[in-house]
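One structure is given here, and the rest of the page talks about it.
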Amino acid sequence: MIIAVDGPAASGKGELTQRLAKHFNYARLDTGKLYRAVGWRVISVGGDPSDETTATRAAKGLTANDLEAPELRSEIVAEAASKVAAIAAVRAVLVEFQRAFAANPPDGKSGAVIDGRDIGTTICPDAPCKIFLTADIEVRAERRVNQLHEQGTVAIYGRVLKDMKERDSRDTTRSVAPLEPAEDALVLDTSKMNADAVFTAALEFIASRTSD
Ligand code: DC
């Protein structure tokens, strides 16, 4: 079983995929972390995340350890991630790992919940359950500011909003695997929904997709 959950930053994917993975006892993969880890590998040594050769080399050298770096949650790394994610060769390197995870979830789990931007469209186009979360950008920027404050990071709303607009634009207009809902995805606008309401709607949708 594969549940693909896509959507822009701070649309609620993280919370939803954690709840779904727990509920069904499936393995969860946050694919944004892969791109963040590649971005961090590049900028931590002063490299340019938009440079194809540098970024592709970083993607090829990715290790499990790189996914644990605390810096991955920062806004600087998010920006670098969005830049490396626009490079087709970087995406090509990361495709196999994601598909292998979906086909053979670790720890003998019987399913996978995968959080990303292109899971329903490119990585797992045959996934039986695809959910696309979205929300107004102002709401998402506010959520991100709150998350950053919880991490103990100083964040200014206007700056976060501006950066988020730039990243949204890069993620949706890139030529390779742009952020967009799959045709058969349930699209949920979470602007006015709390996490419980999103979870309930997702469970109903999954039940409807798996009942026959
Ligand atoms: O979800 P996130 O904020 O951690 O993602 C970081 C960046 O990686 C974001 O700009 C989009 C990109 N990304 C992607 O292109 N494809 C994915 N499957 C996941 C993330």
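Every number for a ligand or one of its atoms is a count from 1 in the order of the listing.
The option with the heavy atom closest to atom 9 (C) of ligand 1, from among Arg117, Arg170, Arg167, is Arg117.
Close approach of ligand 1 to Thr31 is summarised as follows: ligand atoms under 4.0 Å from at least one heavy atom of the residue are 17 (C), 18 (N), 19 (C). Counting atoms of ligand 1 from 1 in the listed order, those under 4.0 Å from a heavy atom of Ala85 are 12 (C), 15 (O). Each of the following atoms of ligand 1 lies closer than 4.0 Å to a heavy atom of Asp171: 9 (C), 10 (O), 11 (C). Ligand 1 places these atoms under 4.0 Å from at least one heavy atom of Gly116: 18 (N), 19 (C). The atoms of ligand 1 that sit less than 4.0 Å from any heavy atom of Ala81 are 6 (C), 7 (C). Annotation for ligand 1: atoms under 4.0 Å from non-hydrogen atoms of Ser82 are 10 (O).
Residue-to-ligand polar distances keep Lys13 apart from ligand 1: every N/O pair is separated by 3.5 Å or more. Inclusion of Arg36 in the set of residues having an N or O under 3.5 Å from an N or O of ligand 1 is warranted. Considering backbone and side-chain N/O atoms, Tyr35 never comes within less than 3.5 Å of an N/O atom of ligand 1. Residue Arg91 has at least one N or O atom closer than 3.5 Å to an N or O atom of ligand 1.
Considering only heavy atoms from C-beta on, Tyr26 stays 4.5 Å or farther from Leu20 through its side chain.
Within a 6.0 Å sphere centred on CD1 of Ile76, other residues, nucleotides and ligands contribute 12 heavy atoms or fewer. The environment of Arg99 atom CZ is dense: over 12 non-hydrogen atoms of other residues, nucleotides or ligands sit within 6.0 angstrom. Residue-environment remark: CD (Glu142) stays at or below the threshold of 12 foreign heavy atoms within 6.0 Å.
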Check: Which is it for Asp48 and Thr54 under the side chain to side chain contact (heavy atoms under 4.5 Å, CB included) test, yes or no, and what are the steps along the way?
Finding: CA-CA 7 Å; Asp48 172 6; Thr54 311; 5.8 Å; no
Notebook entry, point to check: Where do Lys130 and Asp6 land on the salt bridge (Lys or Arg N to Asp or Glu O under 4.0 Å) test, with the steps shown first?
Noted result: CA-CA 8 Å; Lys130 299 176 188 171; Asp6 292 302; over 6 Å; no
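No side-chain donor from either of Asp118 and Thr121 sits under 3.5 Å from a side-chain acceptor of the other. Judged purely by distance below 3.5 Å, without hydrogens or angles, the side chains of Ser191 and Asp189 pair a donor atom with an acceptor atom.
Only the side chain of Arg174 comes within 4.0 Å of ligand 1, counting heavy atoms alone; its backbone N, CA, C and O stay farther away.
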